[in-house]
Amino acid sequence: MSVLRGKRLGIVGAGNMGQALLGGLRAAGVPAGALLVSERDRRRCAQVRQRFGVGCVALEALLRRASVVLVAVKPQDIRDVLRQIGAARRHRNVLVISIAAGIPIRAMARLAGRGPVVRVMPNLPATIGSGISALAWGRGVSAADRAVARAIFQGVGEVIVVPERLLDAVTAISGSGPAYFFAVFQALREAGVRRGLPGEVAERLAVCTALGSAKLALEAPGRLPGLIARVASKKGTTEAALKVFRRRRLAAVIEAGVRAAAQRSKELTALLETRVGG
């Protein structure tokens, strides 16, 4: 990660995603000495010291030393963090990257002061290095800052860039999406059990089939109808199932769920902006 060379990266919050980012950065060759963590939970501090060999310091110390600050705290804790970042920015330039769900860039900027802000929506598979993160830029984010943000999240999976106004849709598809697939796996598991399969066998069949199918889809972007046709031979077993899905309007059910998730994301963003914006 040449774009990160010479930078001191600070991560505020060492929960699941904070530790996933630490792991991705260390695996990509970022030295432990270039990383700092601030975490109020002493147990988590001990974990990151032991697992990653990085220092765990007070937030004030992190802000004095880091040139890039990744905010990975819960939304209810972000207000105080951003205010401290704002105080630090009066004396030095700091790139702020936030994965706090639902906090828009304009709300962060009001507390964190002038300077570049990047908002990111990662998802749960990032914790095993197989996620996809959507990045949205605030004003004044330079090409160099954008490269830094990309490099950090490429350590935990794929990266896409979208306008901030599309992050509610991103949340509904990829942020919430893992739960949709887990629900499908569970339904397939139960259907298999009802047909005599042991539960663990049915679950493994469902999960491994999904994994292989996802790999095929990634190799043929935009060609989902063709992939469906490759499996669904005329008058075969797959076609019988697909007819039931069409008759029961599976696509409409999924659309309704995604619409509900996106609307709830908008509502939560508006609520959190009111609470955080100050």
Using a cut-off of 6.0 Å, state whether more than 12 heavy atoms not belonging to Arg92 lie near its atom CZ. yes
Rounding to 0.5 Å, atoms OH (Tyr180) and CD1 (Ile173) come to a distance of 6.5 Å
Any non-hydrogen side-chain atom of Leu25 less than 4.5 Å from a side-chain atom of Ile152? yes
Distance, nearest 0.5 Å, that separates CG of Leu59 from CZ of Arg64: 10.0 Å
If two hydrophobic side chains count as joined below 4.5 Å and joins carry through other members, does Leu135 share a cluster with Leu166? no
Would you say CZ of Arg146 has more than 12 non-hydrogen atoms from neighbouring residues, nucleotides or ligands within 6.0 angstrom? yes
Looking only at atom types and distance, does a side-chain atom of Arg189 sit under 3.5 Å from a main-chain N or O of Ala206, one as donor and one as acceptor? no
Looking only at heavy atoms, which two atoms of Gly199 and Val193 are closest? And how far apart? CA-CG2, 3.6 Å
Sub-3.5 Å donor-acceptor pair from the side chain of Arg8 to the main-chain atoms of Gly33, do we have one? yes
Inter-residue atom distance Leu272.CG - Ile103.CD1, 0.5 Å rounding: 4.5 Å
Is a donor on one side and an acceptor on the other found under 3.5 Å between the side chain of Glu39 and the backbone of Arg44? no
Which atom names give the shortest non-hydrogen contact between Arg119 and Glu164, and what distance separates them? NH1-OE2, 2.9 Å
Over 12 foreign heavy atoms within 6.0 Å of CG, Asp41: yes
State, with a plain yes or no, whether a side-chain heavy atom of Pro178 is found less than 4.5 Å away from one of Pro125. yes
Is it true that Glu219 and Lys215 have a side-chain N and a carboxylate O under 4.0 angstrom from each other? no
So, taking the atom named CG in Leu111 and the one named CD1 in Ile78, what distance separates them when rounded to the nearest 0.5 Å? 8.5 Å
Shortest non-hydrogen separation from Phe52 to Arg26 and the atoms involved: O-NE, 3.2 Å
Where do Glu60 and Gln84 land on the side chain to side chain contact (heavy atoms under 4.5 Å, CB included) test, with the steps shown first? CA-CA 8 Å; Glu60 294 83 357; Gln84 292 189 62; 3.2 Å; yes
Would you say Arg230's side chain and Gly226's backbone share a donor-acceptor pair under 3.5 angstrom? no
Tell me the closest heavy-atom pair linking Pro163 and Ala136, and the distance in Å. C-CB, 4.3 Å
Same cluster for Val120 and Leu22 if Ile/Leu/Val/Met/Phe/Trp/Tyr side chains link at under 4.5 Å? yes
Report yes if some heavy atom in the side chain of Phe153 is under 4.5 Å from a heavy atom in the side chain of Ile97; otherwise report no. yes
Do Val71 and Leu36 share a hydrophobic cluster (ILVMFWY, side-chain heavy atoms under 4.5 Å, transitive)? yes
From the list Val161, Ile160, Val118, Val3, side-chain contact (heavy atoms from CB on, under 4.5 Å) partner of Arg150 resolves to Val161
Check whether any side-chain N or O of Ser67 sits under 3.5 Å from a backbone N or O of Val94 as a donor-acceptor pair, and report yes or no. no
For the side chain of Asp168 and the backbone of Ala262, is there at least one donor-acceptor N/O pair under 3.5 Å apart? no
Ignoring hydrogens, what is the shortest heavy-atom contact between Ser176 and Ala261? Give both atom names and the distance. OG-CB, 4.5 Å
Would you say that Thr127 contacts Pro122 through its side chain, given a criterion of any heavy-atom pair below 4.5 Å between the two side chains? no
Using every non-hydrogen atom in the two residues, find where Ser213 and Thr209 come nearest and quote the distance to one decimal. OG-O, 2.7 Å
Any non-hydrogen side-chain atom of Val117 less than 4.5 Å from a side-chain atom of Val141? no
Taking C-beta and beyond as the side chain, do Val48 and Leu35 meet within less than 4.5 Å on heavy atoms? no
Looking only at atom types and distance, does a side-chain atom of Glu239 sit under 3.5 Å from a main-chain N or O of Ala232, one as donor and one as acceptor? no
Just do the side chain to side chain contact (heavy atoms under 4.5 Å, CB included) check on Val96 and Arg89 with the steps written out, would you? CA-CA 10 Å; Val96 176; Arg89 275 180 155 181; 3.4 Å; yes
Is any side-chain heavy atom of Arg110 less than 4.5 Å from a side-chain heavy atom of Glu273? yes
What I'd like to find out is whether the side chain of Ile105 reaches to under 4.5 Å of the side chain of Met108, using heavy atoms alone. yes
Mind checking the CD-CG spacing from Glu190 to Leu197? Nearest 0.5 Å is all I need. 13.5 Å
Between CG on residue Asn123 and CE on residue Met17, distance to nearest 0.5 Å: 7.0 Å
Membership question, hydrophobic clusters at under 4.5 Å side-chain separation (ILVMFWY): are Val148 and Val156 in the same one? yes
Side chain Thr171, main chain Leu167, donor-acceptor under 3.5 Å: yes
Hphob cluster co-occupancy, Val170 + Ile99, side-chain heavy atoms under 4.5 angstrom: no
